[in-house]
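What follows is one structure encoded as structure tokens, with my remarks underneath.
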Protein chains: 2
Amino acid sequence: MASKMMQEPTLLLLTALADEPRHGYALIKEVDTISSGRVRLRTGTLYAALARLQQQGWVQVTGEEVVDGRHRRYYALTKDGVDALVGETARLRATVQEANRRLRLRGVTA
Amino acid sequence: MASKMMQEPTLLLLTALADEPRHGYALIKEVDTISSGRVRLRTGTLYAALARLQQQGWVQVTGEEVVDGRHRRYYALTKDGVDALVGETARLRATVQEANRRLRLRGVTA
DNA sequence: CGACATATGTCGATGATCAACCTATGCTCG
DNA sequence: CGAGCATAGGTTGATCATCGACATATGTCG
């Protein structure tokens, strides 16, 4: 399992869930913020990803509520989800370091 | 252009080309090394990616040679390719930092 | 002679994301 | 009071990078 690297929307989604549970619409705005406006999660991407991550056991629904007549469903990272995010960031950091090391060899200041 | 994030095989491919030009088969082994054996570039992925990156202007063929009766085609990063890699690593580093910051808020030592 | 490393490539399937659409409520502005 | 926007949930078909399998050829080792 989990042999293939996650894509940027998924990584940002897990990052947006890393500190506390959030509901779908809040995740879209949070990802927008985290990525400095670069990534706007589409609902198609979001709900497909949440369904997939739940099936993988990385994310789970922790509650629902109605605020001002609007329904909210909250999602949270599981222990496995936290582990996955920790592992992914470690691997990415290593790759980024290696890329920058090679760029410096070439004379590029990264 | 270049709105969508590159995937891990592409990132590793650019990283493998970051210090010096390499030929296809050498890129497969180099990516394997960089990723500590985690990512084995399939030739389907490699040559499709090289074709795509050439069309994007990030990679170009810099020479060909025959060594021990075997044909080698060398690929290198262009200026745009270097810029793309620098930008990508900067964005990834920022996301990784943000993910780790949130994980620490949760009490996870990343 | 058979197997393996080196070297380049093609092709159909898979799957994550995108773009576009849908429903519904509450608030604000004119 | 009606239009438009932000909030909140979702589905569906298309796109495209990657995967897995296959194809071809040479040099080397046992």
Side-chain angles (χ1 to χ4, degrees), chain A residues 1-16 21-33 35 37-56 58-59 61-75 84 88 95, chain B residues 1-16 21-33 35 37-56 58-59 61-75 84 88 95:
Chain A
M1 72 182 63
S3 52
K4 194 161 33 170
M5 183 215 195
M6 66 184 66
Q7 317 231 144
E8 181 164 49
T10 303
L11 173 63
L12 289 167
L13 188 51
L14 295 184
T15 300
R22 286 191 166 84
H23 60 95
Y25 191 76
L27 287 169
I28 292 176
K29 288 189 297 182
E30 194 70 9
V31 164
D32 185 273
T33 301
S35 68
R38 274 185 295 96
V39 178
R40 310 224 157 154
L41 265 195
R42 314 295 163 155
T43 57
T45 305
L46 174 68
Y47 294 109
L50 285 172
R52 176 173 27 95
L53 293 169
Q54 281 177 84
Q55 209 162 10
Q56 280 183 334
W58 290 2
V59 164
V61 174
T62 50
E64 311 198 12
E65 63 175 357
V66 175
V67 176
D68 289 333
R70 288 181 189 101
H71 186 240
R72 290 178 174 175
R73 177 166 295 148
Y74 283 83
Y75 301 89
E88 183 74 9
T95 302
Chain B
M1 68 182 59
S3 50
K4 198 160 34 174
M5 184 213 195
M6 65 183 68
Q7 317 233 142
E8 181 166 46
T10 303
L11 173 63
L12 289 166
L13 187 52
L14 295 183
T15 300
R22 286 190 166 86
H23 60 96
Y25 191 76
L27 287 170
I28 292 175
K29 288 189 297 181
E30 193 70 10
V31 164
D32 185 273
T33 301
S35 68
R38 275 184 299 96
V39 178
R40 309 221 159 157
L41 265 194
R42 315 293 162 157
T43 57
T45 304
L46 173 68
Y47 293 109
L50 285 172
R52 176 172 28 94
L53 293 169
Q54 281 177 84
Q55 209 162 9
Q56 281 183 331
W58 290 2
V59 164
V61 175
T62 49
E64 309 197 16
E65 66 176 354
V66 176
V67 175
D68 289 332
R70 289 182 189 100
H71 186 238
R72 289 178 176 175
R73 177 166 296 146
Y74 283 82
Y75 300 89
E88 183 74 7
T95 302

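Convention: sequence-line order gives letters A, B, ...; per-chain numbering from 1. Note that the structure is predicted; figures quoted are calculated from it, not measured.
Rounded to whole angstrom, the span from the CD atom of A:Q55 across to the P atom of C:dA16 amounts to 10 Å. C:dA16 atom C1' lies 12 Å from atom CG of A:L41, rounded to whole Å. B:E64 places its CD atom 9 Å from the P atom of C:dT8, with the value rounded to the nearest Å. Nucleotide D:dC16 holds its P atom 18 Å from the CD atom of A:E8, rounded to whole Å. Straight-line distance from the CD atom of A:Q56 to the C1' atom of C:dG15: 12 Å, rounded to whole Å. Taking atom CD1 of residue B:I28 and atom P of nucleotide C:dA5, one finds them 13 Å apart after rounding to whole Å. Rounded to a whole Å, the CD atom of B:Q7 is 7 Å from the C1' atom of D:dT18. One can place CE of B:M6 at 15 Å from C1' of D:dT18, the figure rounded to the nearest angstrom.
Listed pair B:R40 / D:dG20 fails the phosphate criterion, with no side-chain N or O lying under 4.0 Å from OP1 or OP2. Regarding contacts with the backbone of D:dA17, every side-chain N or O of B:R42 stays at 4.0 angstrom or more from both OP1 and OP2.
Taking the side chain as every heavy atom from C-beta outward, A:V59 and A:L14 approach each other to under 4.5 Å.
The two residues B:R22 and B:A16 make their nearest non-hydrogen contact at NH1-O, 2.6 Å.
The rotation axes computed at either terminus of the helix from C:dC1-D:dG30 to C:dG30-D:dC1 lie 10° apart, taking five pairs at each end and rounding to 10 degrees.
At distances below 3.5 Å, at least one donor-acceptor pair connects side-chain atoms of B:S35 with backbone N or O atoms of B:V31. Side-chain atoms of A:T15 come within 3.5 Å of backbone N or O of A:L11 as a donor-acceptor pair. A donor-acceptor pair under 3.5 Å is absent between the side-chain atoms of A:T10 and the main chain of A:M6, judged by distance alone.
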Item to check | Verdict with reasoning, B:E8 to B:R38, per salt bridge (Lys or Arg N to Asp or Glu O under 4.0 Å) | outcome: CA-CA 11 Å; B:E8 181 166 46; B:R38 275 184 299 96; 3.7 Å; yes
Next on the checklist: Between A:Q54 and A:Y75, is the side-chain hydrogen bond (donor to acceptor under 3.5 Å, both in side chains) condition met? List the steps.
Outcome noted: CA-CA 9 Å; A:Q54 281 177 84; A:Y75 301 89; 4.9 Å; no
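A search for side-chain contact (heavy atoms from CB on, under 4.5 Å) contacts involving A:V66 returns A:H71, not counting sequence neighbours.
By the 6.0 Å contact criterion, CD on A:Q55 is open, its count of non-hydrogen atoms from other residues, nucleotides or ligands being 12 or less.
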Checklist outcome for this item: Expected string for nucleotides 4-11 of chain D under the B/S/- scheme (protein heavy atoms, under 4.0 Å, primed atoms plus P, OP1, OP2 as sugar-phosphate) is --BBBBBB
